[in-house]
Visitor: 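Take this structure first; my questions come after.
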Amino acid sequence: QTWFDRQRGIDLPAHRRRVGYVFQDGRLFPHLRVAANLDFGSRYSRHLQCGFERDTVVELLALAPLLNRPVGGLSGGERQRVAIGRALLAQPQLLLLDEPLSSIDRGHAEQLLPYLIRLRDDIGVPMIYVSHDRDEVARLAQDVFALG
């Protein structure tokens with residue numbers, strides 16, 4: 001799918017490009033519990049007949065014990081798992097992860113890496129993973145593009 005091509009007059013609006021974006025710090029809605037944060041991801045994708053169902057995402061990311069918790073009490077790794085789940089429930093055609101482990105301590109990052117590996121191996125959605133950590137990239141990437 002072409003998102004932008006000036007010569008052909010194609011300029012798909014950002015909200016129709018179906019990119020799931022995971023920020024460095026999760027950016028969860030602090031006034032919502034985990035379940036409501038997840039449900040927000042599917043709010044704009046209800047009409048799509050594809051992809052990820054809530055139960056599948058909850059199982060994939062081991063979120064069941066967290067569903068009724070407020071996000072303020074989550075660890076950094078838990079917050080990032082919820083953010084990834086919310087992005088998946090938006091039914092993306094591309095998943096962009098912008099240094100998702102950089103804002104959490106090394107121990108929580110190590111706990112989150114297996115979930116990211118499962119995403120890579122099981123979800124079938126292309127991922128662009130941005131990181132400055134070479135070891136992290138080596139564990140996750142199938143292809144590496146280095147800038148600079």
Side-chain angles (χ1 to χ4, degrees), residues 1-4 12-147:
Q1 180 184 34
T2 303
W3 292 346
F4 181 81
L12 190 67
H15 68 278
R16 293 189 51 220
R17 292 180 183 184
R18 297 196 33 222
V19 175
Y21 188 69
V22 178
F23 296 90
Q24 291 178 14
D25 59 2
R27 304 250 174 115
L28 300 177
F29 299 109
H31 64 290
L32 299 177
R33 293 186 176 277
V34 168
N37 267 277
L38 290 173
D39 292 341
F40 188 86
S42 60
R43 175 178 284 172
Y44 299 105
S45 62
R46 294 186 200 285
H47 64 285
L48 300 173
Q49 299 294 322
C50 64
F52 307 101
E53 295 180 11
R54 186 175 191 261
D55 291 344
T56 303
V57 169
V58 167
E59 181 182 333
L60 178 73
L61 297 170
L63 297 173
L66 308 177
L67 291 175
N68 292 317
R69 290 181 52 190
V71 296
L74 299 178
S75 71
E78 290 168 337
R79 292 176 66 82
Q80 287 303 85
R81 288 186 359 236
V82 174
I84 292 166
R86 182 177 63 192
L88 290 174
L89 289 170
Q91 307 304 328
Q93 291 180 320
L94 172 70
L95 192 58
L96 173 58
L97 298 115
D98 182 12
E99 297 194 68
L101 304 182
S102 68
S103 66
I104 58 178
D105 64 67
R106 197 74 213 150
H108 285 113
E110 286 297 321
Q111 290 174 357
L112 189 56
L113 273 168
Y115 295 103
L116 294 173
I117 291 167
R118 282 186 75 191
L119 288 178
R120 180 197 67 202
D121 295 345
D122 297 347
I123 68 168
V125 171
M127 294 182 354
I128 297 175
Y129 190 91
V130 178
S131 178
H132 291 89
D133 186 321
R134 290 180 186 263
D135 294 332
E136 191 177 297
V137 170
R139 288 178 65 184
L140 291 169
Q142 292 171 320
D143 297 300
V144 176
F145 299 92
L147 301 175

Visitor: Who pairs with R86 by side-chain hydrogen bond (donor to acceptor under 3.5 Å, both in side chains), at least two apart in sequence or on another chain?
Guide: N37
Visitor: With a 4.5 Å limit on heavy-atom distance, are the side chains of V34 and N68 in contact?
Guide: no
Visitor: How long is the gap from CG on L66 to CZ on R79, to the nearest 0.5 Å?
Guide: 12.0 Å
Visitor: Listing request: all salt bridge (charged side-chain N to carboxylate O under 4.0 Å, His left out) pairs with a residue in residues 63-75, at least two apart in sequence or in separate chains.
Guide: R69-E78
Visitor: Can you sort out the partners of Y21 under side-chain contact (heavy atoms from CB on, under 4.5 Å), two or more places apart, ordered by chain and number?
Guide: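 Checked Y21 against side-chain contact (heavy atoms from CB on, under 4.5 Å); matches are F23, L96, D98.
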Visitor: Might you point out which heavy atoms bring V71 and P30 nearest each other, and give the distance in Å?
Guide: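 That would be CG2-CA, 3.6 Å.
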Visitor: Only pairs at least two apart or in different chains count here, so list each side chain to side chain donor-acceptor pair (under 3.5 Å) that has a residue in residues 120-129.
Guide: Y129-E136
Visitor: Would you say the side-chain atoms of R81 pair up with the backbone N or O of L61, donor to acceptor, closer than 3.5 Å?
Guide: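 Yes; at least one donor-acceptor contact below 3.5 Å.
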Visitor: Does Q91 offer a backbone N or O that forms a donor-acceptor pair with the side chain of R18 under 3.5 Å?
Guide: yes
Visitor: Would you please name every residue forming a salt bridge (charged side-chain N to carboxylate O under 4.0 Å, His left out) with R54, sequence neighbours left out?
Guide: D39
Visitor: Quick one: side-chain hydrogen bond (donor to acceptor under 3.5 Å, both in side chains) partners of Q111, sequence neighbours excluded?
Guide: none
Visitor: Looking only at heavy atoms, what is the nearest atom pair of R17 and Q93, with distance?
Guide: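 Minimum heavy-atom contact is O-OE1, 4.1 Å.
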Visitor: Quick one: salt bridge (charged side-chain N to carboxylate O under 4.0 Å, His left out) partners of D105, sequence neighbours excluded?
Guide: none
Visitor: Short question: side chain of R27, backbone of V22 - any donor-acceptor pair under 3.5 Å?
Guide: no
Visitor: Let me confirm one number: the CG-CZ distance from L113 to R139, rounded to the nearest 0.5 Å.
Guide: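 Nearest 0.5 Å value for the CG-CZ distance: 4.5 Å.
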Visitor: Taking only residues two or more places apart in sequence, or in another chain, which ones meet R106 in a side-chain hydrogen bond (donor to acceptor under 3.5 Å, both in side chains)?
Guide: E110, D133
Visitor: When rounded to the nearest 0.5 angstrom, what distance separates CD1 in I128 from CG in L95?
Guide: 9.5 Å
Visitor: Could you work out, with side-chain contact (heavy atoms from CB on, under 4.5 Å) as the rule, every residue matching P13, not counting sequence neighbours?
Guide: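 With sequence neighbours excluded, P13 shows a side-chain contact (heavy atoms from CB on, under 4.5 Å) to H15, R16, given in chain and number order.
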Visitor: Specify the closest pair of heavy atoms between A87 and P92, including all atoms of both residues, with the distance to one decimal.
Guide: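 Answer, listing the atom of A87 first, then P92: O-CD, 3.3 Å.
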Visitor: Hey, what do you get for OG (S102) to CD (Q24), rounding to the nearest 0.5 Å?
Guide: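 One finds 4.0 Å between OG of S102 and CD of Q24.
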Visitor: Between L116 and L97, does the side-chain contact (heavy atoms from CB on, under 4.5 Å) criterion hold? Intermediate values first, please.
Guide: CA-CA 10 Å; L116 294 173; L97 298 115; 4.1 Å; yes
Visitor: Once side-chain contact (heavy atoms from CB on, under 4.5 Å) is applied, do any residues pair with D55, and if so which ones, sequence neighbours excluded?
Guide: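 Checked D55 against side-chain contact (heavy atoms from CB on, under 4.5 Å); zero matches.
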Visitor: For L67 and V58, which heavy atoms make the closest approach, and how far apart are they?
Guide: CD2-CG2, 4.2 Å
Visitor: Check L60 against L88 and note the closest heavy-atom contact, atom names and distance.
Guide: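 Closest heavy-atom pair between L60 and L88: CD2-CD1, 4.3 Å.
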Visitor: In chain order, what residues pass the side-chain contact (heavy atoms from CB on, under 4.5 Å) check against A141, with sequence neighbours excluded?
Guide: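 Testing A141 for side-chain contact (heavy atoms from CB on, under 4.5 Å), a comparison that skips the adjacent residues, returns V137, V144.
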Visitor: Apply side-chain hydrogen bond (donor to acceptor under 3.5 Å, both in side chains) to Y115 and list each qualifying residue two or more places apart in sequence or on a separate chain.
Guide: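 Y115 satisfies side-chain hydrogen bond (donor to acceptor under 3.5 Å, both in side chains) with no residue once adjacent residues are dropped.
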Visitor: Decide yes or no on side-chain contact (heavy atoms from CB on, under 4.5 Å) for Q1 and L12, but give the supporting numbers first.
Guide: CA-CA 10 Å; Q1 180 184 34; L12 190 67; 3.6 Å; yes
